[in-house]
Amino acid sequence: KLYTEPSQLRSTTYDYVIVGAGTAGSVLANRLTEDQKIRVLVVEAGRSNNGSDVANIRIPFNAPLASPGTPFDWNFTTVNQPSLNNQPEPYPRGKVLGGSSSTNYLVYTRGASDDYDRLAKIAGDDGWTWDSLHPYVLKHSSIVPPADGHNTTGQFDPAWHGNGPLRTSLPGFPAVIDPLVIQTTQVLSDEFPFNLDINSGNPLGIGWTQSTIANGTRQSSAVAYLGPVLFRSNLDVLINTQVTRLIQTGRVGGKPDFRSIEFAQNAKSRRFHATARREVILSSGAVGTPQLLMLSGIGDREALSRVGITAIVNNPDVGEHLQDHPFLPLQWEVNSNETFDQIFYNPDLAAAVLDQWNHNHTGLLSTNPVTNQLGFLRIPRNHSIWEQFEDPSSGPHAPHYEIAFGNSFVTTSAQNLPTSGGFLSITPIVVSPTSRKLNTSNPFDQPLIDPAFLSTDYDVAVMVEAVRASQRYIAASPWKDYIIRPFIDSANTTTVEGIIEYSRQRTATTRHPTGTAQVGKVVNGDLTIKNISGLRVVDASIFPFVPTGHTQAPTYIIAERAADIIKAAHRN
Ligand SMILES: Cc1cc2nc3c(=O)[nH]c(=O)nc-3n(C[C@H](O)[C@H](O)[C@H](O)COP(=O)(O)OP(=O)(O)OC[C@H]3O[C@@H](n4cnc5c(N)ncnc54)[C@H](O)[C@@H]3O)c2cc1C
């Protein structure tokens with residue numbers, strides 16, 4: 001049942017208390033309440049994902065309107081980024097049932113098998129290898145026909161898709177660049193081979209984008225996992241309420257035991273408490289989880305004492321090691337009036353596509369807002385970059401960078417939409433970055449977030465290489481009559497110095513924070529917290545290295561396995 005006020009709760013004691021009904025938290029809420037005898041409370045700071053004002057979190061193409069600066073988002077900002085000309089960056093995180101899966105850009109990629117194998121090695125648990133996780137890969141998701149019903153043969157491999165509740169699909173609306181992107185994989189097949197399914201564990205090459213969209217509508221963990229089980233009498237979900245602190249309830253096996261939470265609706269309102277008989281599970285995301293640990297006295301002793309918090313468990317790694325993917329759109333003016341830009345210039349067209357979506361959930365608004373094709377690529381072994389840097393990737397199937405092809409002008413906070421013209425955007429993303437950081441202080445204040453974008457020479461060098469690869473892509477013959485010229489802002493990105501200068505002006509977040517309560521440093525292989533009893537973390541903060549794809553699918557996969565680990569831990 002869904003509650004909007006803490007005073008409405010039927011109990012203060014549950015078997016499990018989950019903090020955050022986001023991507024991972026909703027998976028756990030669903031799986032742990034499969035056993036009717038188990039009672040679960042989920043406390044979510046954000047609002048409901050239903051209501052009369054939720055169009056922008058339901059309509060796939062409107063995802064960029066869901067955050068930042070909206071009631072669905074925490075509206076965080078990073079600290080000034082010295083390597084991005086000392087500018088801060090908006091840092092969106094979903095604050096709504098489904099968490100960031102309700103506001104993200106819907107791209108569904110699992111990353112490389114090597115990413116999971118490295119996680120298993122760091123965790124000391126073979127259960128996290130790609131092969132061992134295969135049942136969870138199939139259990140969490142399924143692939144359904146796209147909104148336009150086109151024949152998807154040759155665009156994905158059905159063998160890699162299961163029958164799970166999270167429904168995904170291939171692009172639901174064709175882009176004028178689709179044939180050009182695919183033809184280039186034939187013309188430049190050595191460097192940019194076609195990959196039938198980038199979600200097979202080997203993402204290398206260029207393939208069709210899969211998105212968390214079904215029937216032309218966003219599929220989030222709230223839609224796929226939480227909504228369908230809200231009727232269960234053993235599940236209580238409290239929204240609009242922030243957990244402010246975890247409370248030590250005693251000691252178990254010589255370790256501090258944290259089985260209670262404190263929560264409130266705002267900084268001035270009454271504080272409430274609830275207790276878990278079995279465990280409190282933190283699924284508050286890569287910003288919320290370390291913030292809550294630190295507020296509860298779990299973190300770096302000296303940093304906590306500077307903000308007046310007494311450390312109960314000294315762990316300097318809590319909230320450190322934030323890792324994200326830097327993202328840099330490049331744009332070209334093109335010889336077409338069929339790019340998606342047109343709906344931003346023409347209100348009649350915008351109204352027509354909205355009418356179509358409202359009518360039957362088809363048309364432009366039913367598709368992913370960013371891209372119909374993605375490429376994941378490695379810098380070859382004989383490239384001079386490797387004379388200077390160690391390869392930080394997890395293995396031979398893991399890319400160093402990604403390129404996403406957009407049939408419109410992709411912007412960042414540092415760039416406005418032009419008022420006319422048709423555009424192609426290619427967005428290089430460094431997917432094995434080496435920059436890491438995050439710091440925090442008080443529950444209702446925004447924490448200090450520092451992704452340290454492009455702060456290492458390696459990240460800069462890979463960004464340069466990714467920009468050059470994008471330029472080689474559109475220099476191929478299929479684009480000859482299509483590209484007019486580079487957009488003015490990116491026109492000078494022809495020299496290494498020019499690319500670096502452009503990167504420092506325009507790089508933004510791909511919104512993939514991970515690593516702030518990572519396996520090996522903060523949590524054990526079973527995701528329990530080191531030197532603490534009664535507490536576990538299940539969300540994107542546990543990844544020791546950011547996966548080399550977009551981070552929602554890896555989060556669903558680890559959450560599905562975590563549910564089984566938790567059930568097994570309490571079986572007797
Ligand atoms: C704008 C945006 C675009 C993105 N695009 C993509 C994409 O296209 N593809 C992709 O794969 N990934 C994308 N991502 C990233 C992906 O969505 C996240 O990595 C993933 O959803 C993280 O899941 P999580 O469970 O760790 O956290 P979340 O899903 O963020 O869940 C955390 C939940 O905890 C709640 N919470 C936090 N603190 C508290 C507290 N103290 N008390 C109570 N509740 C609390 C939050 O409100 C939230 O609901 C995007 C993210 C954003 C924000």
Side-chain angles (χ1 to χ4, degrees), residues 17-28 42-47 49 57 60 63-68 70 72-76 90-111 168 209-213 218 220-222 225-226 237-246 261-265 281-293 295-296 324-325 327 368-371 374 404 429 443-444 447 508-517 537-543 546-547 549-556 558-559 562:
V17 171
I18 301 172
V19 185
T23 313
S26 298
V27 173
L28 295 177
V42 188
V43 182
E44 166 57 48
R47 48 167 292 172
N49 63 320
I57 63 167
L65 304 178
S67 66
T70 74
F72 305 109
D73 196 64
W74 287 85
N75 298 312
F76 294 141
Y91 211 69
R93 301 280 80 216
K95 189 178 183 184
V96 53
L97 289 177
S100 300
S101 73
S102 291
T103 59
N104 68 21
Y105 285 12
L106 311 111
V107 173
Y108 175 85
T109 63
R110 296 168 180 161
T168 67
T209 307
Q210 297 165 23
S211 300
T212 43
I213 300 173
R218 174 191 291 277
S220 63
S221 62
Y225 281 92
L226 194 64
V237 179
L238 172 62
I239 57 172
N240 306 332
T241 305
Q242 189 169 326
V243 175
T244 47
R245 200 160 59 99
L246 311 165
I261 60 166
E262 175 192 83
F263 46 99
Q265 294 209 293
I281 303 162
L282 295 184
S283 295
S284 317
V287 175
T289 286
Q291 185 188 21
L292 208 42
L293 288 170
L295 289 168
S296 315
D324 191 353
H325 293 139
F327 155 112
N368 183 291
V370 193
T371 180
L374 294 169
I429 299 169
F444 291 94
T509 170
T510 320
R511 307 160 183 96
H512 293 167
T514 53
T516 50
V537 176
V538 182
D539 62 28
S541 50
I542 68 99
F543 291 106
V546 59
H550 301 238
T551 41
Q552 64 170 334
T555 306
Y556 281 108
I558 59 123

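For ligands, and for the atoms within them, numbers begin at 1 and follow the listed sequence.
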Just to confirm my output: which protein heavy-atom neighbour is closest to [atom], and how far is it?
| atom | answer |
| --- | --- |
| atom 38 (N) of ligand 1 | S284 CB, 3.5 Å |
| atom 45 (C) of ligand 1 | A45 CB, 3.9 Å |
| atom 52 (C) of ligand 1 | R511 CB, 3.6 Å |
| atom 42 (N) of ligand 1 | V243 N, 2.9 Å |
| atom 50 (C) of ligand 1 | N104 CB, 3.2 Å |
| atom 18 (C) of ligand 1 | T551 OG1, 3.8 Å |
| atom 31 (O) of ligand 1 | G22 CA, 3.3 Å |
| atom 53 (C) of ligand 1 | P92 O, 3.3 Å |

Query raised in the report: What atoms of ligand 1 come closer than 4.0 angstrom to any heavy atom of S67?
Result: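 Counting from 1, the qualifying ligand atoms are 1 (C).
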Any N or O of [X] closer than 3.5 Å to N or O of ligand 1:
| X | answer |
| --- | --- |
| S100 | yes |
| Y108 | no |
| G46 | no |
| T23 | yes |
| A540 | yes |
| A24 | yes |
| A21 | no |
| W74 | yes |
| Y105 | yes |
| Q552 | yes |

Hey, looking at [atom], which of [options] has the closest heavy atom?
| atom | options | result |
| --- | --- | --- |
| atom 32 (C) of ligand 1 | G20, S283, G288, G99 | S283 |
| atom 10 (C) of ligand 1 | H325, R47, E44, H550 | H550 |
| atom 7 (C) of ligand 1 | V42, N49, V107 | V107 |
| atom 27 (O) of ligand 1 | G285, P90, A66, P68 | G285 |

Is the ring pair H512/H550 parallel, tilted or perpendicular, if the boundaries are 30 and 60 degrees?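 Aromatic pair H512/H550 classed perpendicular.
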Suppose we screen for side chain to side chain contact (heavy atoms under 4.5 Å, CB included). Which residues come up paired with P554, at least two apart in sequence or across chains?
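Here the qualifying residues are Y116, F543, P547.
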* Asked: What part of L106, side chain, backbone, both or neither, has a heavy atom within less than 4.0 angstrom of ligand 1?
  ->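 The answer is the backbone of L106.
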Among residues at least two apart in sequence or on other chains, which ones pass side chain to side chain donor-acceptor pair (under 3.5 Å) with T109?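 Side chain to side chain donor-acceptor pair (under 3.5 Å) check on T109 returns nothing, list empty.
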I'd like to know whether ligand 1 has F263 as a neighbour, heavy-atom separation below 4.0 Å.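 It does not, in that no heavy atom of F263 comes within the 4.0 Å cut-off of ligand 1.
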V96 touching ligand 1 at heavy-atom level, < 4.0 angstrom:
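The answer is yes, since V96 has a heavy atom less than 4.0 Å from ligand 1.
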